[in-house]
K.L.:
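Pasting a structure here, questions to come.
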Amino acid sequence: MTDIEKPSNFIQQIISADLDANRVETVVTRFPPEPNGYLHIGHAKSICLNFGLAEQFNGACNLRFDDTNPEKEDDEYVQAIIEDVKWLGFDWADEPKFASDYFGQLYSWAQYLIGEGKAYICELNAEDMREYRGTLTEVGKNSPYRERPAEESLALLEQMKQGAVDEGTMTLRAKIDMASPNINMRDPVMYRIKKMAHHRTGDTWNIYPSYDFAHGQEDAIEGVTHSVCTLEFAANRPLYEWFTSNLPLPSVPRQYEFGRLNINYTVTSKRKLKQLVDEKHVDGWDDPRMPTISGLRRRGVTAAAVREFCDSLAVAKTDGVVDLAQFEHFIRTDLNDNASRAMCVLNPLKITLSNYEAGKEEILTAAGHPNRDDLPSRQLPFGREIYIDQSDFSEDTTLSRKKFKRLVIGEYVRLRGAYVIRADEVIRDDAGEIVEIIGSYVPDTVGENPPEGIRPRGVIHWVSASNCIDCDLYLYENLFTEAAPDAGEGSFLDHLNPQSLQIIKNCKAELGLGEAVAGQQYQFEREGYYCLDGKHSSADKLVFNRTIALR
RNA sequence: UGGGGCGUCGCCAAGUGGUUAAGGCACCGGGUUUUGAUCCCGGCAUCGGAGGUUCGAAUCCUCCCGCCCCAGCCA
């Protein structure tokens, strides 16, 4: 234990205290997503927290699917979630767990509560139940079915289970307190009828447990000691405790809440993300603009960057909005440290070096990374014709050296990893557009300073015109134009950024990029971080996604 | 409005009666640099408000203000 001086969050403090006081022997946490959508960056914080806690205290963390509502759940989501958690670098104890594995146990616990006179079958319909519940300021009224004999409730529950009762006509409710100031305690629903196939249990069940009746018990079954969830569940804690203390459970878990992660210029709500996908505003759950784990992965963000970012986040009870820039900082840091360097010209402008022998080609060697010898060096063909970016040449010769560190007629510039060159003449087409630059190179300047008197304005990237590959680049911007897409009147969709995707075709990339594989990150020098897109790339056309621009 | 929770720099935050009120992001200066990147130096708050307790308070008390969550047979 060398991390004693590390500041700890309130949950770590609670766990330490529990361990010291022998209230718990081994720490067990869990990450409990409902398989009704893909995981997003907000889940990543919870994943890092829960798995991190288990790791830190030498305990275990379960991956558990809270699949208590077949209506919105699907195995597609289960598989995607498993893949995402693995990708983030975490592993869980044993096999993934499912709430649906405990349906039988939950059912008998429901029978137990009925037997104890603490639950009853209610025949109020949804509308009436709402009315009986009261409001924030008015207490509720007892259901007319509240004092029904246990035997009757037991029989009705069995009928509900068998499918003999219509949906919406009966529920099993906990008998707690209709006058409680906490609305969650006003006889909450434990079971409702849903005659619907479940992605795992098929049509075995016609009734399904509610979140409140399931969660604490799932935790207890698994021996979870610290059940960490987000703030909005704080009001459910008394109910969580009511069930854990009124049922003969194998253990008594405790619930703690922390603030959910919010990031500006994005939305982190499964419902909204699903809407973006369903209404085709994006290319799917893994669209590189999505804050989903799969979207970030396709975008080129590394798992390490996501983890570092999450670890930088406070685990507290405040509900703030983290600046996107903070996330981007960790993305850039990791990519800067690990991405191989390469050159790619987005908007090619040909330069012919008049004093370079026609037909000659030499192979220059460039470092794979400025300060990492372990990354392989690159072979760069160099010849009489090269491409530079249009934005790296200006006809305005009055621009100061400080303001424009690029190519200008009559002046010099260093081609990164290659020669110092000079621009001599501009060639135009009939429309007056610049189509080519005639220039010259300064011999013996590869890896060497140019002779006295020649002062390059700067360093620009380039690519051999006769020996390069074509590719398309997908540049991404924020999906939303507003920092808080959710705020204000209308829909968050009103703030979709029409320029969130810009495709640049026919870019010229250095030869080595032809061997790029999906998921491999590169820094296109002076441009940004990119990675090959497995979905859009084909044998004859490579597509790179821009993960993020350089600062 | 009843209940629950929260308010420390532009953003995220540490702080648990005595510290020059950490740190990160952002921003602004300056240096290095064959990426206008990286890197390196430097700058950047008196703690929602008002009272009070105390030798001493961001930390304790009182009142006030503001924000978030709960009235699904969602999770």
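Every chain is numbered from 1 and lettered A, B, ... according to where its sequence line falls, protein lines coming before strand lines.
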K.L.:
Any side-chain donor-acceptor pair under 3.5 Å between A/N36 and A/E34?
P.N.:
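Their side chains do contain a donor-acceptor pair, which is all the 3.5 Å distance test asks for.
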
K.L.:
Of all the choices, B/U1, B/C25, B/U35, which nucleotide is nearest to the side chain of A/T137 once you look at every atom?
P.N.:
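Per side-chain heavy atoms of A/T137, the pick is B/U1.
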
K.L.:
Looking at the side chain of A/Q326, which of B/C25, B/C73, B/A75 is the nearest nucleotide?
P.N.:
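The answer is B/C25, which lies nearest to the side chain.
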
K.L.:
Find out whether A/I421 and A/W462 are in side-chain contact, i.e. whether some heavy atom of one side chain is under 4.5 Å from a heavy atom of the other.
P.N.:
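No, every pair of side-chain atoms sits at 4.5 Å or beyond.
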
K.L.:
How long is the line joining CG of A/L407 and C1' of B/G36, in whole Å?
P.N.:
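After rounding, the reported distance stands at 16 Å.
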
K.L.:
Check every strand shown and say whether A/M343 touches a base, only sugar-phosphate, or nothing at a heavy-atom separation below 4.0 Å.
P.N.:
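No contact at all - A/M343 keeps every heavy atom at 4.0 Å or more from the nucleic acid.
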
K.L.:
With a 4.0 Å cut-off, would you call A/R64 and A/E218 a salt bridge?
P.N.:
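Between A/E218 and A/R64 there is a salt bridge, with a charged N closer than 4.0 Å to a carboxylate O.
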
K.L.:
Indicate, with a heavy-atom threshold strictly under 4.0 Å, whether A/T68 touches base, sugar-phosphate, or nothing.
P.N.:
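Since only primed, P, OP1 and OP2 atoms lie under 4.0 Å of A/T68, the category is sugar-phosphate.
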
K.L.:
Report which part of the nucleic acid A/R237 touches: base, sugar-phosphate, or nothing (heavy-atom distance under 4.0 Å, all strands).
P.N.:
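The answer is nothing, as A/R237 stays clear of every strand by at least 4.0 Å.
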
K.L.:
If you check the A/A316 side chain, which of B/A14, B/C68, B/C73 turns out closest?
P.N.:
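Given the options B/A14, B/C68, B/C73, the side chain of A/A316 is closest to B/A14.
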
K.L.:
Out of B/A37, B/A71, B/C73, which nucleotide sits closest to the side chain of A/I183?
P.N.:
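Closest of the options to the side chain of A/I183: B/A71.
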
K.L.:
Base, sugar-phosphate, or nothing for A/E131, non-hydrogen atoms under 4.0 angstrom?
P.N.:
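Answer is nothing: A/E131 stays at 4.0 Å or more from every strand.
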
K.L.:
With a 4.0 Å cut-off on heavy atoms, is A/F233 in touch with a base, just the backbone sugar-phosphate, or nothing at all?
P.N.:
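Base contact.
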
K.L.:
Heavy atoms under 4.0 Å, any strand shown: does A/V446 hit a base, just sugar-phosphate, or nothing?
P.N.:
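Base contact.
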
K.L.:
Nearest of B/G5, B/C74, B/A14 to any side-chain atom of A/K317?
P.N.:
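Minimum distance to the A/K317 side chain belongs to B/G5.
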
K.L.:
For A/T135, answer base if it contacts any base atom (sugar-phosphate contacts may also be present), sugar-phosphate if it contacts only those atoms, and nothing otherwise; contact means non-hydrogen atoms under 4.0 Å.
P.N.:
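The residue A/T135 makes base contact.
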
K.L.:
Starting the side chain at C-beta, find the nucleotide from B/C74, B/G2, B/C12 nearest to A/L136.
P.N.:
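Among B/C74, B/G2, B/C12, the one nearest the side chain of A/L136 is B/G2.
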
K.L.:
Classify the nucleic acid contact of A/P370 as base, sugar-phosphate or nothing, counting any heavy atom under 4.0 Å across all strands shown.
P.N.:
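Result for A/P370 = base.
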
K.L.:
What's the closest nucleotide to the A/R526 side chain, out of B/G36, B/G5, B/A75?
P.N.:
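Among the listed nucleotides, the one closest to the side chain of A/R526 is B/G36.
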
K.L.:
Would you mind telling me which residue lines up with the more 5' stretch of RNA chain B, A/Y529 or A/A418, judged by nearest nucleotide?
P.N.:
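With A/Y529 and A/A418 compared, the 5'-side residue is A/A418.
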
K.L.:
How would you label the contact of A/N36 with the nucleic acid (heavy atoms, under 4.0 Å): base, sugar-phosphate, or nothing?
P.N.:
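The residue A/N36 makes no contact with any strand.
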
K.L.:
Select base, sugar-phosphate, or nothing to describe what A/K270 touches, counting heavy atoms under 4.0 Å on all strands.
P.N.:
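It contacts nothing in the nucleic acid.
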
K.L.:
Select base, sugar-phosphate, or nothing to describe what A/R332 touches, counting heavy atoms under 4.0 Å on all strands.
P.N.:
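No contact.
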
K.L.:
How far apart are the C-alpha atoms of A/F233 and A/Y240, what are their side-chain angles, what is the distance that settles it, and do they pass the ring-ring contact (aromatic ring centres under 6.0 Å, His included) test?
P.N.:
CA-CA 10 Å; A/F233 290 100; A/Y240 181 103; over 10 Å; no

K.L.:
Mind checking if A/G140 touches a base, just sugar-phosphate, or nothing, with heavy atoms under 4.0 Å?
P.N.:
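The residue A/G140 makes no contact with any strand.
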
K.L.:
Within the 4.0 Å heavy-atom criterion, would you say A/L124 contacts the bases, only the backbone, or no part of the nucleic acid?
P.N.:
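If one applies the 4.0 Å heavy-atom cut-off, A/L124 turns out to touch a base.
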
K.L.:
Could you check whether A/R414 gets within reach of a base, just the sugar-phosphate, or nothing at all, counting any heavy atom under 4.0 Å?
P.N.:
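Result for A/R414 = base.
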
K.L.:
Which word best sums up how the rings of A/F492 and A/F480 line up, parallel for under 30°, tilted for 30 to 60°, or perpendicular for over 60°?
P.N.:
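Judged by the thresholds at 30° and 60°, the geometry between A/F492 and A/F480 is tilted.
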
K.L.:
Which one, B/A75, B/C73, B/U34, comes nearest to the side chain of A/V459?
P.N.:
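The listed nucleotide nearest to A/V459's side chain is B/U34.
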
K.L.:
Take A/T365 and A/S377 through the side-chain contact (heavy atoms from CB on, under 4.5 Å) test and state the conclusion after the steps.
P.N.:
CA-CA 7 Å; A/T365 301; A/S377 56; 3.8 Å; yes

